[in-house]
Amino acid sequence: MANNRLFDDIVQWDIANWKRAIEFWNESIDINDIQGKKILELGANKGGLSLYFALNGGEVVCSDYIPETIDEEEYWKEAKKLHKKYGVDKRITYRNIDACKINQKEMFDIITFKSVCGAVGRNGNISNQKEMFAGIYQALKSGGCLLFCDNLSGTKLHRMMRSKFSKAYKNGWEYLNYNKFDSLLDEFFIQYKSFGLFACFIKNKYLNKFFGKIDKFLEHLTVPEKRYIVSCIAYKDKPKFR
Ligand SMILES: C[S@@+](CC[C@H](N)C(=O)[O-])C[C@H]1O[C@@H](n2cnc3c(N)ncnc32)[C@H](O)[C@@H]1O
């Protein structure tokens, strides 16, 4: 199991909450049993999840949607450096993939992403999000699964704070709720869990860590939909054992 410092590199922000969101996937898949499995990370940026899956033996395609104006070699510099640091660079290839136009059929055992839905659906572009999930469904092998975690719309306080302080919100980020995820994932067999309340407001690294621990206890006082991270396991086919 990955240690905390490793999760700093995988998640980079609000580690305590996002770490638990990723570890939730272990409830359904055996992360130690993905040797040689084909994995696609979408919207990877620094490639944190690619690192996570490659460390566990997966053959990973680390992808992001890179505009023509940006040099791809330059774009992947940070991700490649990170993957080299952990000695998994040989197990990872890098691709320019628009998550709305994956155009692959039954290629991957696992598709994964973190914090990508809101960017794909920028300015209320639900049809982009629909295309993304339809493309993921197609690209998964039979028996494959989608593992993702993303931002929920959360409470009124989350929405108010984002409208005042969040750059992503100002750039049109589309925060989803459970109902919207349900309708986007209607072809899949899904399991959700949600995490995090207040740590997302705290920029200071040490205070953020502290609030991450507090969130773990306060979460139980709120309904799942009011937390700010959703983690999802979505199977292409009905799982045999649940
Ligand atoms: C908030 S960042 C998250 C990056 C990374 N997954 C993480 O969690 O650190 C959003 C990512 O979505 C990517 N993105 C936006 N539109 C996309 C699209 N149409 N297809 C694939 N990725 C996209 C961006 O390039 C960016 O890397």
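Remember, it's 1-based here, ligands and their atoms both numbered in the order they're listed.
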N/O contact list for ligand 1, threshold under 3.5 Å:
{"unit_1": "ligand 1", "atom_1": "6 (N)", "unit_2": "Gly43", "atom_2": "O", "d": "2.7"}
{"unit_1": "ligand 1", "atom_1": "6 (N)", "unit_2": "Lys114", "atom_2": "O", "d": "2.8"}
{"unit_1": "ligand 1", "atom_1": "8 (O)", "unit_2": "Lys114", "atom_2": "O", "d": "3.2"}
{"unit_1": "ligand 1", "atom_1": "8 (O)", "unit_2": "Lys114", "atom_2": "NZ", "d": "2.7"}
{"unit_1": "ligand 1", "atom_1": "19 (N)", "unit_2": "Asp98", "atom_2": "OD1", "d": "2.9"}
{"unit_1": "ligand 1", "atom_1": "20 (N)", "unit_2": "Ala99", "atom_2": "N", "d": "2.8"}
{"unit_1": "ligand 1", "atom_1": "22 (N)", "unit_2": "Asp64", "atom_2": "OD1", "d": "3.3"}
{"unit_1": "ligand 1", "atom_1": "25 (O)", "unit_2": "Asp64", "atom_2": "OD1", "d": "2.8"}
{"unit_1": "ligand 1", "atom_1": "25 (O)", "unit_2": "Asp64", "atom_2": "OD2", "d": "3.3"}
{"unit_1": "ligand 1", "atom_1": "27 (O)", "unit_2": "Asp64", "atom_2": "OD2", "d": "2.7"}

Quiz question: by atom type and distance under 3.5 Å, do the side chains of [X] and [Y] form a donor-acceptor pair?
{"X": "Thr112", "Y": "Glu41", "answer": "no"}
{"X": "Asp64", "Y": "Tyr75", "answer": "yes"}
{"X": "Tyr94", "Y": "His83", "answer": "yes"}

Original post:
Strictly under 6.0 Å, is that where the ring centroids of Phe113 and Phe148 end up?
Top reply: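 Yes, ring centres under 6.0 Å apart.
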Original post:
Using the benzene-type ring in the case of Trp, are the ring centres of His158 and Tyr175 under 6.0 Å apart?
Top reply: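 Judged by ring-centre distance (under 6.0 Å), His158 and Tyr175 do not meet the cut-off.
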Subject >> Pairing residues for Glu27 by the side chain to side chain donor-acceptor pair (under 3.5 Å) criterion, not counting sequence neighbours >> reply: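 Counting only residues at least two positions away or on another chain, Glu27 forms no side chain to side chain donor-acceptor pair (under 3.5 Å).
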